[in-house]
Amino acid sequence: MSRMSRTSFLSFTQLALTRLREQSPLVQCITNAVVTNITANALLAVGAAPAMVDVPDEAGEFAPVASALLVNLGTPHLAQREAMVEAATAASTAGTPWVLDPVAIGTLSVRTPLAHRLLTARPSVIRGNASEIIALSGAGAGGRGVDSTDGVDAAAEPAASLARSADTVVAVSGPEDLITDGRQRVRVGNGHPLLTRMTGGGCALGAVMAAFASLDDDRLATTVAATTVYGIAADLAAERASGPGSFAVAFLDALAEVDAQVVAERAVIS
Amino acid sequence: MSRMSRTSFLSFTQLALTRLREQSPLVQCITNAVVTNITANALLAVGAAPAMVDVPDEAGEFAPVASALLVNLGTPHLAQREAMVEAATAASTAGTPWVLDPVAIGTLSVRTPLAHRLLTARPSVIRGNASEIIALSGAGAGGRGVDSTDGVDAAAEPAASLARSADTVVAVSGPEDLITDGRQRVRVGNGHPLLTRMTGGGCALGAVMAAFASLDDDRLATTVAATTVYGIAADLAAERASGPGSFAVAFLDALAEVDAQVVAERAVIS
Amino acid sequence: MSRMSRTSFLSFTQLALTRLREQSPLVQCITNAVVTNITANALLAVGAAPAMVDVPDEAGEFAPVASALLVNLGTPHLAQREAMVEAATAASTAGTPWVLDPVAIGTLSVRTPLAHRLLTARPSVIRGNASEIIALSGAGAGGRGVDSTDGVDAAAEPAASLARSADTVVAVSGPEDLITDGRQRVRVGNGHPLLTRMTGGGCALGAVMAAFASLDDDRLATTVAATTVYGIAADLAAERASGPGSFAVAFLDALAEVDAQVVAERAVIS
């Protein structure tokens, strides 16, 4: 596969966003109790349709009919863990693209082995902060709860290694986001620190990545597109907000507002 | 029972809203993880008091002291399913009015039989989109996750049939909402498409219907009243919003603001 | 221990707030499904870091590394109850300060014995409305769901008695908040009725109390500081809000905005 240029990523992002609004992909989310609401609202705002089907027996039967699946390990209660394995396996078998967000793995004894087990169901995209990606790659022990104690640069090599070994795309969030398929590394400079002052700022991005992953088989390009659109919405919201509360509101408005024109004006992809 | 006229529904709605603010009914909610927050906030905003008592053993002991109960099948984990059956049965026995919202039933294998089982505890009101109502009535197979794939008109006959067979009131949400007791059909034209871009736009209405159901035994009239007040708040919010994020905020403000005067000016009941 | 004066509480509050922004304490929250989102957002806004680790096995291993812990009984499902006992015990052993919020205890048969069991793990602070504190002290039967049916004054003696018997600090929320260690009683006059029209208005305060409790061993002073900062943010938000929806947004903005200067201008401590 030849490498995409910066211009190609930009064009792809514009097309993918337009297609997302036309298709309104149905995104099944098995995610943590803290962010279910903002995750569903972010999907609705950007133009997708959320379906929080996370009950055992239903999770597996829904994954093949969903456009995409998000599995987020934030509050992995027993029944949800069963639903995660069931849904990821069914998605993998059915060809439904799915995103793994290994929240706060490293030393915590329930979610860490669960993340490794879910890897065997071949996620299409893995998204996390630097500490989570380093932990999942086997190169470190994880961060401080949901916060990263490592920088994005420290995760670049572990991310590429993980992408190659798991045959997937890995996205590392940080001041500048890094996305890699193990060969090419793309950096997205959009986004704003206020995203880290809003619960779900990272988790909802995983759901948006899933929505975009349903649109094209080039998962490096769809993940760059999702990250760019999401970051641009954060940039717009930060210009209008007077604190973390009004930022969250403006962010949802902006996710609905971003279009191909705004992407062309604001995307920072390198 | 004689049929109410449009003017009667309007007057009833005004009186019921005033009474709701005086009595502040205590509404027990057993609802899905995605919308608990907006549901509780909508109840508080309109003037009711939420109580999310959804734990087995407590759910059944609370239902008789609650003013009303909402049972919403959005994320029906095992313990919540037990709590739902327990609470609905206790509510039915104690005479506490209760609302059933059969979210996304049809083909999903946990919630679909659960919805039919809950029917035997005789809900006072059933609320859903067209596909959900058609599925519950036995006339179809359900929609696309939480989204309806059927129009409100297609659900008119199934809704009336369900209302008669279950001796209840059925409310079908859509661009225009339809409420029927199996004899009379009332349509409420208030409401706005932005409600579908906000998670819980439909689910929270179920809770508001429960609050109103505690105020009078005429459940057709209380359900029309709840739908009208809720729809008017959405109309007001849409005029002030610049996207789905600011809509949700303005909607809660508007729920607190709507009064008998605003109802008189804006209600669209036919 | 000598008693602090009003001026001392004020100075302490200013210092504690500054320290909180420097240290960004990591607050583990095991809380109810309705308020997880607003609780996490309130912590982020004020300058702390939330970690909703509430799964059995992980909850106990996380408590010793957390800066503080909140245990809130709002929706106490079985696995969460195990996680609560595990985390409270581990926190107590490790010296991690922890806050108990006995939501709606009194007659409900799951949470009431649970609250008494958790008392044996020696909470650093207990926070509740008047009815909840009276019920926990053994002097009454509880309120109406999450609402208090008793006034703050009626809870003054039970609060002091509970503080002495459990060797803790007790905070009673109401129009004016009362905080006592069983010897000294402090009243904080900041806060606004709109806090009671927003879900989590009380619950999120428990998390903020936990964040402040990590900053100093004088738990009477840290609890007064948390209550004062939180109440001032509500005062600011009420001045800018046009209803409960915009209040919640403005409240998060204000929590991020309050600083030592604003505390000096607005604190009402007596």
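Throughout, a chain's letter reflects where its sequence line sits, starting with A, and its residues are numbered from 1.
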- Could you name the residues of residues 76-95 of chain A that have a heavy atom within less than 4.5 Å of a heavy atom in chain B?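 The residues closer than 4.5 Å to chain B, in numerical order, are A:A79, A:Q80.
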- Item | chain B neighbours within residues 240-254 of chain A, where any heavy atom lies under 4.5 Å away |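 Contacts with chain B: A:V249, A:L252, A:D253.
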- Would you mind telling me which of B:V35, B:V34, B:N32 makes a side chain to side chain contact (heavy atoms under 4.5 Å, CB included) with A:M52?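 Testing A:M52 for a side chain to side chain contact (heavy atoms under 4.5 Å, CB included) against B:V35, B:V34, B:N32 leaves exactly one candidate, B:V34.
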- Is there side-chain contact between B:R111 and A:V53, with at least one heavy-atom pair below 4.5 Å?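 Counting from C-beta outward, B:R111 and A:V53 do come under 4.5 Å.
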- Give the member of A:V65, A:L44, A:L255, A:D57 that has the highest number of heavy-atom pairs under 4.5 Å with chain B.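 With the most close heavy-atom pairs to chain B, the winner is A:L44.
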- Atom CZ of B:R117: over 12 foreign heavy atoms under 6.0 Å: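 Count not over threshold, so no.
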- Message: Tell me if the CZ atom of B:R266 is crowded by more than 12 foreign heavy atoms within 6.0 Å.
- Response: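 It does: B:R266 CZ has more than 12 such atoms within range.
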- Query: So which part of A:A40 gets closer than 4.5 Å to some heavy atom of chain B, the side chain, the backbone, both or neither?
  - Reply: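 Both backbone and side chain.
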- Task: Can you see which heavy atom on B:L108 is nearest to which on A:E58, and at what distance?
- Result: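 What the structure gives for the nearest pair is CB-OE2, 3.5 Å.
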Name the atoms and distances for all side-chain donor-acceptor pairs under 3.5 Å in residues 99-106 of chain B, with sequence neighbours left out.
unit_1: B:D101; atom_1: OD2; unit_2: B:R127; atom_2: NE; d: 3.0
unit_1: B:D101; atom_1: OD2; unit_2: B:R127; atom_2: NH2; d: 3.2

- Task: Hey, could you give me each pair passing side chain to side chain donor-acceptor pair (under 3.5 Å) that has a residue in residues 192-216 of chain A? Not counting sequence neighbours.
- Result: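 Residue pairs with at least one partner in residues 192-216 of chain A: A:T199-C:N41.
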- Task: Just give me the residue among B:S109, B:G200, B:G74 that pairs up with chain A most often, heavy atom to heavy atom, under 4.5 Å.
- Result: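 Among the listed options, the one with the most contacts to chain A is B:S109.
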